[in-house]
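See structure below.
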Number of protein chains: 2
Amino acid sequence: MKYYDPKRFRSQDSLGYLSKMAHSLMHDCADEILAGHEISFMQWIAMRKLREGLALTASELCRAMSHDNGALTRMLDQLEAQGFLQRQRSEEDRRVVTLKLTAKGERKLDEVTALVVGRLNEVLENFTRGELDELTRLLKKLIGSLQDWRAQRDGEAA
Amino acid sequence: MKYYDPKRFRSQDSLGYLSKMAHSLMHDCADEILAGHEISFMQWIAMRKLREGLALTASELCRAMSHDNGALTRMLDQLEAQGFLQRQRSEEDRRVVTLKLTAKGERKLDEVTALVVGRLNEVLENFTRGELDELTRLLKKLIGSLQDWRAQRDGEAA
DNA sequence: CAACAATATTTGCTTAGGCAAATATTGTTG
DNA sequence: CAACAATATTTGCCTAAGCAAATATTGTTG
């Protein structure tokens, strides 16, 4: 089934363009409220993932965030230097480094989460609960489709 | 009305995280298909905007794409150097530079659009028409809210 | 067990993005 | 009209992201 047609294609309606815009504007919006709070939007997401137990190591974070390996190492370097994070070499598998928020990191995360959540609620003023839930569901579905597509491609390559 | 609560917040469900992921994966997906076709995903969006008449100048493109001024100038430099684009100083207002795709640019755009649209359709295989329309509508609404929020903030500052 | 593939992390290098200042031009206002 | 604010584009500088190679370690297979 074909949704988009090259002849009638309008960038305004394309998910490629729309997801770029949503991300750019969200990022700006978050950065603005985080300015002066020592961590960036990306660092906030990383810290959330650690707090929520969705990632324990750098490579898990990379996968969970679709983020670059090298960029992540350097982001973690910063968080560690700021005292928000501790790295510890795992004993079971000496390749992996286990990540853990420090008490200071936990406090910072709580402080910043309150700000970001407040801002999100502000921006979503005109959304009904149903709309927000549906947008969330459909974005997750889109993300899932893209991940499946990539997994399938990588599977074929190997 | 408050949708998100700092105590119960889960990054998995937050539009900040979800829009970042959707964009990252979309971008990767598009870049992959554009590899070897001389232009990047961002350049493709810029060319589409020009083609569709949604932007005639660099600053219009910046607004239409939420993109950085400096980055855009350099992106246009590339397109011009590749012969896909012409710049022409406007006569009415000598500050502005009018942008126009060359014949070569038009051809390249058609070629590449077909590829990207094909890939989009592939990825959206499991979406119903209704889901796609609703996702599109809600993303536009989100983008609008974020733009309004920013306009309001800038209005207050001035 | 030796050779090799796979995984985790880090580092170096290159490119793109973000921000502020510089330049040029236009509109506005006392 | 002179001074000043606003807009359009470009440039320089810095930080962050992307990519490939390096290192270390583990798992697999002949």
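Numbers restart at 1 for each chain; the letters A, B, ... are given by sequence-line order, proteins then strands. Keep in mind that this is a model prediction, so the values were computed, not measured.
A:Arg87 places a side-chain heavy atom less than 4.5 Å from the side chain of A:Leu99. At a threshold of 4.5 Å between non-hydrogen side-chain atoms, the residues A:Thr113 and A:Trp44 count as touching.
Looking at B:Asp133 and B:Arg137, no side-chain N of the basic residue comes within less than 4.0 Å of a carboxylate O on the acidic one, giving no salt bridge. Between A:Lys49 and A:Glu60, no side-chain nitrogen of the basic residue sits less than 4.0 Å from a carboxylate oxygen of the acidic one, so the salt-bridge criterion is not met. Under the 4.0 Å criterion applied to side-chain N and carboxylate O atoms, A:Glu32 and B:Arg153 are assigned as salt-bridge partners. B:Arg51 and B:Asp110 are joined by a salt bridge, as a carboxylate oxygen and a charged side-chain nitrogen come within less than 4.0 angstrom of each other. With respect to B:Asp5 and B:Arg8, a salt bridge is recorded, a charged nitrogen being found less than 4.0 Å from a carboxylate O. A salt bridge does not link A:Arg74 to A:Asp77: none of the charged side-chain nitrogens sits closer than 4.0 Å to a carboxylate oxygen.
Nearest to the side chain of B:Ser59, among D:dA16, D:dT9, C:dT9, sits D:dT9. In this structure, of D:dA17, C:dT10, C:dT7, it is C:dT10 that holds the atom nearest to the side chain of A:Val97. Across D:dT9, C:dG17, D:dA17, the shortest atom-to-atom separation from the side chain of B:His67 is found for C:dG17. For A:Val96, the listed nucleotide lying nearest its side chain is C:dT9; candidates were D:dC13, C:dT11, C:dT9. Ranking D:dT10, C:dT10, D:dA17 by closeness to the A:Met42 side chain, first place goes to D:dA17.
DNA chain C is contacted by both A:Thr57 and A:Asp31; A:Thr57 maps to the nucleotide lying nearer its 5′ end (nearest heavy atom per residue). For A:Asp68 and B:Thr98, each mapped to the nucleotide of DNA chain D holding its nearest heavy atom, the one lying further toward the 5' end belongs to B:Thr98. Residues A:Arg74 and B:Arg63 each lie close to DNA chain D; by heavy-atom proximity, the contact nearer the 5' end of the strand is made by B:Arg63.
Atom CG of B:Leu76 is separated from atom C1' of D:dT10 by 11 Å (rounded to the nearest Å). Atoms NE2 (B:His27) and P (C:dT15) sit 16 Å apart, rounded to a whole Å. The CG atom of B:Leu25 sits 11 Å away from the P atom of D:dG18 (whole-angstrom rounding). For the pair B:Asp28 CG and D:dC19 P, the computed distance is 7 Å after rounding to whole Å. To the nearest angstrom, C1' of C:dG27 lies 10 Å from CG of B:Asp93. Per the geometry, CD belonging to B:Glu80 stands 9 Å off P belonging to D:dT10, to the nearest Å. For the pair A:Gln43 CD and D:dA16 P, the computed distance is 8 Å after rounding to whole Å. D:dC19 atom C1' lies 15 Å from atom CD of B:Glu32, rounded to whole Å.
Residue B:Arg94 places no side-chain atom within donor-acceptor reach of the base of C:dT25, judged by atom type and a 3.5 Å distance cut-off alone. Side-chain to base pairing of A:Arg95 with D:dG27: no donor and acceptor N or O lie closer than 3.5 Å to each other.
Within 4.0 Å of B:Glu60, counting heavy atoms only, lies no atom of the nucleic acid at all. Across all strands, A:Arg89 comes closer than 4.0 Å to no nucleic acid atom at all (heavy-atom distances). Within the nucleic acid shown, A:Ser40 has no heavy atom closer than 4.0 Å to any nucleic acid atom.
Distances shown here put a side-chain N or O of B:Gln78 below 4.0 Å from the OP1 or OP2 atom of C:dA16.
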Per-residue pairing states of DNA chain D in dot-bracket (Watson-Crick or G-U under 3.5 Å; . unpaired, | other strand) read ||||||||||||||||||||||||||||||
